[in-house]
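Quick note on labels: first sequence line is chain A, next is B, and so on, each numbered from 1. In what follows, every heavy atom counts, from backbone to side chain, and hydrogens, waters and symmetry copies are set aside. Values in this document were obtained by computation on a predicted structure and should not be read as measured data.
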Amino acid sequence: MERWVIITAIIGVYLALTLAIGLRAGRDTSKSVTGYVAGDRGFGLLVMYFVTGASVFSAFAFLGGPGWAYSRGAAAFYILSYGVLGIAPWYILGPRAARLGRRKGFVTQAQLLVGRFPSRGLSAMVALLSLMAFIPYITLQMRGAGIVIEAVSEGNIPLWLGAAVAYGIVLIYVLVSGVAAVGWTNTFQGIFMLVIAWVLGIYLPIKLYGGIGPMFEAIQIARPELLTVPGLAADGNPWSWGAYSSAILVSAIGLTMWPHLFMKAFTARDDRILRRTVVLFPTFQLFLIPVFIIGFAGVLFVDDLAQPDFILPHLILSVDLPVILVGLFCAGALSASMSTGDALLHASASVMVEDAARPFRAMSEQAQRAWMRVVVVIAGAIAYYFALDPDQSLVVLLLTSYGIIAQFAPPIVAAMYWRRATTAGVVAGLVAGSLTTLFFFLNPELRPWEVHEGILGLCVHLPVLIVASLMTPMQDADHVAPFLDPDLR
Amino acid sequence: MKLRRGVFAFFILYLLAVIWPVALPFSAAEPFVMGIPFSLVWPILWIILGGLALWLLDTVEEG
């Protein structure tokens, strides 16, 4: 039998196993909206840990990360630097949001915002911005899945088909089981990919260079520019410190603000679990190290790969590895893609129905669940359409998402900490910040010091929020009090 | 509350340490530490310190 057939078969078995776990998970959850969106608020530490970790350890980390290490060198280290910075505020914000959620029955981030700043327009705007951020992120995951399958099947299964099959499976279990499926498949896939990443991160440098130390020494002699921060830009010229630093900043701010992270806060059984998830999170960041090492291992062995995102599967296939290991590895990369993609699809649907549709039109619980499923399919289809564009880089997709998501930071912080914030101020800030971000996204050459458009957006967003709030009448003290309750701590 | 402030200050320091201009002197490949270039050791070091800071905060607060 041909090698690629065996590898593809292993992946097939793995996908079937994921599907089975995803479908099983839905059995014990109630049929309510809280059940579908918030998993009856019953997730334990193990599941929470992997649900949170999967938001980092996505296709981006597994394919985009090594792709960057391979083609842009030390530029990739920004990914290592933002994670812990980004999750640390969650130690305070997460439990606070979760307690508010339990008291007031919130299941989404926008509901928390609108609880403090009553405005249906704000709710719809947050939902739409979330969707705008989710789509490139889902696209990234789908492309990742397609890349892996195309590479291991030696082109016999093209990207469009691979992405369709992997995400067809994701769709099925998200549609049937909701968030419970996301939790349990993330846990299974998370454990799987951690093991695989470490095994290969140590094995490949030894096999190709005789060790990790000799590998870096060889790169330092041949391509020293790759090992100096901030590394290289996409065109091979040195990357700027402005772009590197602001990529860290915007990603750190954005990480805490992902709508699906908030939804997961509402799924936690208690605050203790949320805090421990944050404390354990840095371990996930350390798991990225072997993944980068794999990318570096390709530097002196693979010449000018047209699409650097393919480096990982390419390398795995070109060294003489046991076929079973290759199959397992590719399944690990797939799981990284799918475990993030499923959470995002699920979150898109929850956000669109709960925050964009329901404030304007009354719906029964049954109708809400039905509509969520419709949105899952539509969001999946849009992302799939973009995933087929060969010019998309995984990293650009991710950074675009983060620019949008970072705009949620001022309103969220204001909602829980700033007494004087008003609805008008928050809406004005969000509009101004988002438009600024969009403007610089479309006109990148106008950015000062190549600073990320999301940071430039925040530079406009914050002053507008503050000034507009101070110019409008203060909110009723009784309304504000529960949100700033010191007991929420 | 005091500890929270300390941890907050630590994370501000963390942020400054990994971006321009504080990161400048730590951005070169040399010296290698256990075979790893210093530019990579630097962010790893801060991940570990960050993890310890969070762990300390959690241990003290939860008792």
Side-chain angles (χ1 to χ4, degrees), chain A residues 69 73-74 76-92 205 211-217 219-220 223-231 240-249 252 271-272 275-276 278-286 288-289 292-293 296 449 489, chain B:
Chain A
F77 297 168
Y78 100 81
I79 301 160
L80 281 175
S81 289
Y82 80 73
V84 179
L85 281 173
I87 204 73
W90 194 243
Y91 185 87
I92 312 278
I212 292 171
M215 175 184 84
F216 280 120
E217 276 162 30
I219 294 173
Q220 174 69 358
R223 303 276 312 274
E225 71 279 8
L226 285 181
L227 295 185
T228 305
V229 174
S240 72
W241 272 103
Y244 178 88
S245 304
S246 58
I248 293 178
L249 198 58
D271 304 344
R272 192 78 201 91
R275 292 215 174 92
R276 270 203 238 155
V278 174
V279 172
L280 290 171
F281 186 87
T283 58
F284 258 113
Q285 284 298 105
L286 294 176
L288 287 174
I289 298 168
F292 286 148
I293 290 178
F296 277 116
W449 306 290
R489 214 168 44 100
Chain B
M1 256 351 226
K2 236 183 201 168
L3 180 67
R4 280 202 175 191
R5 250 174 244 153
V7 171
F8 182 77
F10 165 82
F11 277 104
I12 296 292
L13 189 71
Y14 182 162
L15 174 67
L16 293 176
V18 291
I19 65 174
W20 184 90
V22 183
L24 276 173
F26 310 100
S27 61
E30 272 153 346
F32 282 65
V33 180
M34 294 188 299
I36 313 271
F38 197 81
S39 50
L40 178 54
V41 171
W42 188 242
I44 294 175
L45 183 74
W46 282 99
I47 290 173
I48 295 168
L49 289 177
L52 286 177
L54 286 171
W55 175 80
L56 177 77
L57 179 66
D58 194 54
T59 310
V60 172
E61 287 203 343
E62 301 293 332

Rounded to the nearest 0.5 Å, what separates atom [atom1] in [X] from atom [atom2] in [Y]?
X	Y	atom1	atom2	answer
B/Ile47	A/Leu286	CD1	CG	5.0 Å
B/Leu45	A/Leu80	CG	CG	12.5 Å
A/Phe296	B/Leu40	CZ	CG	7.0 Å
A/Arg275	B/Glu61	CZ	CD	6.0 Å
B/Leu24	A/Trp241	CG	CH2	5.0 Å

Please state whether the side chain, the backbone, both or neither of [X] comes within less than 4.5 Å of a heavy atom of chain B.
X	value
A/Ile289	side chain
A/Ile212	both
A/Tyr244	side chain

What are the two closest non-hydrogen atoms of [X] and [Y], and how far apart are they?
X	Y	answer
A/Val278	B/Leu54	O-CD1, 3.8 Å
B/Pro43	A/Ser81	CB-OG, 3.6 Å
A/Phe77	B/Ser39	CD1-O, 3.4 Å
A/Leu227	B/Phe32	CD1-CZ, 4.4 Å
B/Ala29	A/Thr228	N-OG1, 4.3 Å

**OP:** Starting from the C-alpha separation in whole Å, work towards a yes-or-no answer on side-chain contact (heavy atoms from CB on, under 4.5 Å) for A/Gln285 and B/Ile48.
**Re:** CA-CA 9 Å; A/Gln285 284 298 105; B/Ile48 295 168; over 6 Å; no
Subject >> Non-neighbouring partners of A/Glu225 that pass side chain to side chain donor-acceptor pair (under 3.5 Å), sequence neighbours left out >> reply: A/Arg223
**OP:** Determine, stepwise, if the pair A/Val229 / B/Phe26 fulfils side-chain contact (heavy atoms from CB on, under 4.5 Å).
**Re:** CA-CA 8 Å; A/Val229 174; B/Phe26 310 100; over 6 Å; no
Original post:
By a 4.5 Å heavy-atom criterion (distance strictly below it), what part of B/Trp46 contacts chain A: side chain, backbone, both, or neither?
Top reply: neither
Original post:
Checking B/Leu57 against chain A: side chain, backbone, both or neither under 4.5 Å from a heavy atom?
Top reply: both
**OP:** Determine whether more than 12 heavy atoms belonging to other residues, nucleotides or ligands lie under 6.0 Å from atom CZ of B/Phe8.
**Re:** no
Original post:
Which residues in residues 12-21 of chain B have a heavy atom less than 4.5 Å from any heavy atom of chain A?
Top reply: B/Tyr14, B/Leu15, B/Val18, B/Ile19, B/Trp20
